Student: 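Sharing a structure with you now.
Numbered from 1 within each chain, the chains take letters A, B, ... in sequence-line order. No hydrogens, no waters, no symmetry mates; every other heavy atom, side chains included, goes into these values. Quick caveat, the model's predicted, so the values are computed rather than measured.
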Number of protein chains: 2
Amino acid sequence: MHNKTILIVDDEAPVRDMLRIALEMADYRCLEAENAQAAHALVIDEKPDLILLDWMLPDVSGVELARRLKRDELTAAIPIIMLTAKGEEDHKIKGLETGADDYITKPFSPRELVARLKAVLRRAGPSTPEEPLTAGGLVLDPISHRVTINGNPVDMGPTEFRLLTFFLSHQERAYTRTQLLDHVWGGNVYVEERTVDVHIRRLRKALTVDGHERYIQTVRGTGYRFSVQTAERV
Amino acid sequence: MHNKTILIVDDEAPVRDMLRIALEMADYRCLEAENAQAAHALVIDEKPDLILLDWMLPDVSGVELARRLKRDELTAAIPIIMLTAKGEEDHKIKGLETGADDYITKPFSPRELVARLKAVLRRAGPSTPEEPLTAGGLVLDPISHRVTINGNPVDMGPTEFRLLTFFLSHQERAYTRTQLLDHVWGGNVYVEERTVDVHIRRLRKALTVDGHERYIQTVRGTGYRFSVQTAERV
DNA sequence: CACTTTGGTGACAAATATATGACAGGCGCC
DNA sequence: GGCGCCTGTCATATATTTGTCACCAAAGTG
């Protein structure tokens, strides 16, 4: 896996340069945005692993951008570090309230920056959940990377595993194929929507016991939904 | 659902060709305009889903066109991607400020174009309401895309689902068939008015419990109204 | 009551959407 | 290289949905 990508959002070019140099020294990949709109576009397109966000931005304030990002399910998981100037410290609490995961007061040393950043990244950690995910008799243990139904091991390919993981953490919710591609395949891949169907089928096949599969429902005209079928008509 | 329509606005024919080819490969429908005026006309007539707009145009600059489109309520919702040449990068910020949703710097690869475009379209995507809509014992949950009456699942086709969604958010109000076609089917479709009757019937059938349906009333000479029948005459 | 309008229904064929089986390329592993 | 497992795409089979009709019932009209 390549290095983490950090998105720098600041309107002052010298600050961006400084940040970029510090981060690239520490082997991070950097993206830069000068304003909230560009930042938003980059977040969607590039899915950075972390966002360094200046409190003050010319257009929308950084706070507002943070709030927006945290509200959007697609981007909510990305940690945000706020940059606030000395005098703005009062705001830091508010900054945290908006969903930022940490704040750094300017001026700061590159070392401090990198340290904080590492800490936040570590905390956000590998997004693999530690607890087993379950639904009905189905259990997916992220640690051992195993799936069982009523204790019987089930096996499937990597993609199906990721798909199932996603579904288990988002049960009862209908997703379009596009959304599934975004979440399970990861943003900018160019893959046919129909491909989702195929993997759904593979997953269904894997989850079939006694010729029955009680987990994935087709939502016609929309996509799919994962939920344990409560009752079955006979 | 048919494919998205993209409007290409560029004064250089070779560029337009290149774009069109790339887009048609990716199965988008393309419209082309050579100048701002033609573009504006096409936007009104065809309601493209996205506009690819060159920064430099012979008559009005692309920026100006974007600004105009974003100012008009009818067209404001259409995402715009700006094409800027290498040297014009300084302008990109300005481009975003005018209301463009993204920018691409020439030269770019077809893959990048399509990826960006998809991202923008996705972002613009339909915003589903988050809260369940209810009426009497009827509950429609937009998230799970499910309908229940007193807890019992109800099932219906996509059109009926949309129709019900519309009714639930506009209860107690009579709509003509034409209005329903506009709102539920979406403007520019040519569909017989009587078709509404049929879907109303289908929806009624789906909402029938114990031979009774208490939600949709016929407003003779006008159309239909959704409202929970409070009492039932015996 | 005879006659005119307007809405309700069941049947259909065409259009769409989804399920499935097959297949070829990519990749890691002997 | 040969082999086996994954993957993304297709082409094909199935399943649903949809827009229209023709025809019947109900509600107005005079």
Student: Going by distance alone, is a donor N or O of one side chain under 3.5 Å from an acceptor N or O of the other, for B:Thr208 and B:Arg214?
Tutor: no
Student: May I have the distance from A:Ile200 (atom CD1) to C:dG21 (atom P), rounded to whole angstrom?
Tutor: 16 Å
Student: Please tell me whether B:Thr159 and B:His199 have a donor and an acceptor in their side chains that are separated by less than 3.5 angstrom.
Tutor: no
Student: Please check the phosphate of D:dT17 (OP1 and OP2 only) for any side-chain N or O of B:Thr159 closer than 4.0 Å.
Tutor: no
Student: In whole angstrom, give the distance that lies between atom CG of B:Leu203 and atom C1' of C:dT9.
Tutor: 15 Å
Student: Which listed nucleotide (C:dG7, D:dT9, D:dG19) is nearest to the side chain of B:Val191?
Tutor: D:dG19
Student: Please report the distance, rounded to the nearest Å, between CZ in A:Arg225 and C1' in C:dT18.
Tutor: 15 Å
Student: Got B:His170 and B:Phe226 here, is their nearest side-chain heavy-atom distance under 4.5 Å?
Tutor: no
Student: Select one nucleotide: of C:dA19, D:dT7, D:dG19, the one nearest the side-chain heavy atoms of A:Asp197.
Tutor: C:dA19
Student: We want to know whether B:Arg146 and A:Gln217 form a side-chain donor-acceptor pair, criterion being a heavy-atom distance below 3.5 angstrom.
Tutor: yes
Student: Would you check if there is a donor-acceptor pair between the side chains of B:Thr165 and B:Arg162 at a distance under 3.5 Å?
Tutor: no
Student: Has the side chain of B:Arg194 got a donor or acceptor that lies under 3.5 Å from a partner of the other kind on the base of D:dG19?
Tutor: no
Student: For B:Leu140 and B:Pro142, which heavy atoms make the closest approach, and how far apart are they?
Tutor: O-CD, 3.4 Å
Student: Return the nearest nucleotide to the side chain of B:Arg204; candidates are D:dT20, C:dG8, D:dT7.
Tutor: C:dG8
Student: Calculate the interatomic distance between B:Leu207 atom CG and C:dG8 atom P; express it in whole Å.
Tutor: 14 Å
Student: Whole Å only: how far is the CD atom of B:Gln217 from the C1' atom of C:dG7?
Tutor: 15 Å
Student: Contact class for B:Tyr224 vs. all strands (heavy atom < 4.0 Å): base, sugar-phosphate, or nothing?
Tutor: sugar-phosphate
Student: Considering only side-chain heavy atoms of B:Arg220, which listed nucleotide, D:dC10, D:dT7, D:dA26, is closest?
Tutor: D:dA26
Student: Would you mind reading off the distance between A:Glu160 atom CD and D:dT7 atom C1', rounded to a whole angstrom?
Tutor: 9 Å
Student: What does B:Glu193 touch in the nucleic acid at a heavy-atom separation under 4.0 angstrom: a base, only the sugar-phosphate, or nothing?
Tutor: nothing
Student: Over how many whole Å does the gap from B:Ile216 atom CD1 to C:dG7 atom C1' extend?
Tutor: 14 Å
Student: Ignoring the backbone of B:His199, work out which of D:dT7, C:dT20, D:dG19 is nearest its side chain.
Tutor: D:dG19
Student: Report the residue (A:Arg202 or A:Arg177) whose heavy-atom-nearest nucleotide on DNA chain C is the more 5′ of the two.
Tutor: A:Arg177
Student: So which nucleotide from C:dG10, D:dT7, C:dG7 ends up closest to the side chain of B:Arg201?
Tutor: C:dG10
Student: Between D:dG8, D:dT18, C:dG8, which one does the side chain of B:Thr218 approach most closely?
Tutor: C:dG8
Student: Considering every strand and a 4.0 Å limit on heavy-atom distances, what is the contact class for A:Thr195: base, sugar-phosphate, or nothing?
Tutor: base
Student: Quick one: which of D:dG8, D:dG19, D:dT18 gets closest to the side chain of B:Trp185?
Tutor: D:dG19
Student: Measure CG/B:Leu163 against C1'/D:dT17 and give the value in whole Å, please.
Tutor: 14 Å
